[in-house]
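Report on the following structure.
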Amino acid sequence: MFKILVVEDDRELNRTVCTYLNDNGYTATGCLNANEACDAMYGGQVFDCIVSDIMMPGVDGFEFAANVRELNQEIPILFMTARDDFASKRRGFKAGVDDYMVKPVDLDELLLRIGALLRRAKIAASKRLTVGGLTLDAEERSAVYNGGEIPLTVREFNLIYKLLSYPKKTFTRSQLMDEFWDSASSSGPRTVDVYINKLRDKFACCNEFEIVTVHGLGYKAVLK
């Protein structure tokens, strides 16, 4: 059974989320602040996913997420917060969170997102992603389709691995730039378009998926 750590200083919301997760097949542990969460994490318990608020007394969610990432690169972190501004979302993703939900949170959606994050974590742990005849190996940065290798640059590999890890999920150009380009890069968001076109050419032989343009937003991978 997957264990979920819920870090939320609102006692009633913390209790509600934990109860809902416990009722839906998970084992949830609630903590009211980051210090309690760290005590739980490093006191012998092993968690599979973290759901955390941002605005908490003492150590806030940003610092907490960054601290966790220094010690554990794999555990999924989902922010559940009232902060809906883009600057907070950007700061959260740069701190290492994997998903971001704005309060009031729909608990059914929270459940779906946690499930998706856990599936993604399993893929990351195996370092290998298979879609039909295509295998992407994160350790070797290789793409093999029906026995033949498709040559990719590191950035091309990272982009296709990201898209295929979250099929049907739309990523904006800015999200992809933030993750795969250095912050000091002079490249603009339209640079992503160039790379997507290269990937479409290189994977034209693959009938198992396509990279779809979501007009006005960005791109997503759709499995066929």
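Computed from a prediction, not measured in an experiment: that's the story for all the values here.
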| request: For Tyr219 and Asp193, run side chain to side chain donor-acceptor pair (under 3.5 Å): C-alpha distance rounded to whole Å, both residues' side-chain angles, the deciding distance at 0.1 Å, then the answer. | output: CA-CA 9 Å; Tyr219 299 98; Asp193 299 346; 2.6 Å; yes
Assess the side chains of [X] and [Y]: does a donor N or O sit below 3.5 Å from an acceptor N or O?
X	Y	value
Arg11	Thr16	no
Thr19	Asn22	no
Asp108	Tyr20	yes

Taking the six-membered ring of [Y], is the NZ or CZ of [X] close enough (under 6.0 Å from the centre) and on axis enough (within 45°)?
X	Y	value
Lys89	Phe86	no
Arg155	Phe180	no
Lys169	Phe171	yes

| field | Verdict with supporting geometry, Asp53 and Met80, side-chain contact (heavy atoms from CB on, under 4.5 Å) | value | CA-CA 5 Å; Asp53 190 11; Met80 180 179 65; 5.9 Å; no
| request: Test Ile75 against every option in Val68, Leu5, Asp48 by the side chain to side chain contact (heavy atoms under 4.5 Å, CB included) rule and name the one that passes. | output: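 With Ile75 as partner, side chain to side chain contact (heavy atoms under 4.5 Å, CB included) holds for just one option, Val68.
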| Would you call the rings of Phe79 and Tyr100 parallel, tilted or perpendicular, where under 30° means parallel and over 60° means perpendicular? |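 Perpendicular.
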| said: Given 3.5 Å as the limit, does a donor-acceptor pair link the side chain of Asp98 with the main chain of Leu78, or not? | reply: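 No; zero donor-acceptor contacts below 3.5 Å.
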| Any donor-acceptor pair under 3.5 Å from Thr81 side chain to Arg83 backbone |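 Judged by distance alone, yes, a pair lies under 3.5 Å.
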Minimum heavy-atom separation for [X] to [Y], with atom names?
X	Y	value
Asp9	Pro57	OD2-CD, 3.6 Å
Leu21	Leu111	CD2-CD1, 4.0 Å
Leu152	Glu156	CA-OE1, 3.4 Å
Tyr145	Asn207	OH-N, 3.6 Å
Ala82	Val102	O-CG1, 4.3 Å

| field | Audit row: Glu210, Lys224, salt bridge (Lys or Arg N to Asp or Glu O under 4.0 Å) steps and yes/no | value | CA-CA 8 Å; Glu210 64 177 323; Lys224 296 181 179 179; 5.1 Å; no
| Would the number of heavy atoms belonging to other residues, nucleotides or ligands and lying under 6.0 Å from NZ of Lys202 be above 12? |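 Enclosed.
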| task | Could you check Arg120 against Glu74 for salt bridge (Lys or Arg N to Asp or Glu O under 4.0 Å), going step by step and ending with a plain yes or no? | result | CA-CA 10 Å; Arg120 175 65 183 88; Glu74 303 298 336; over 6 Å; no
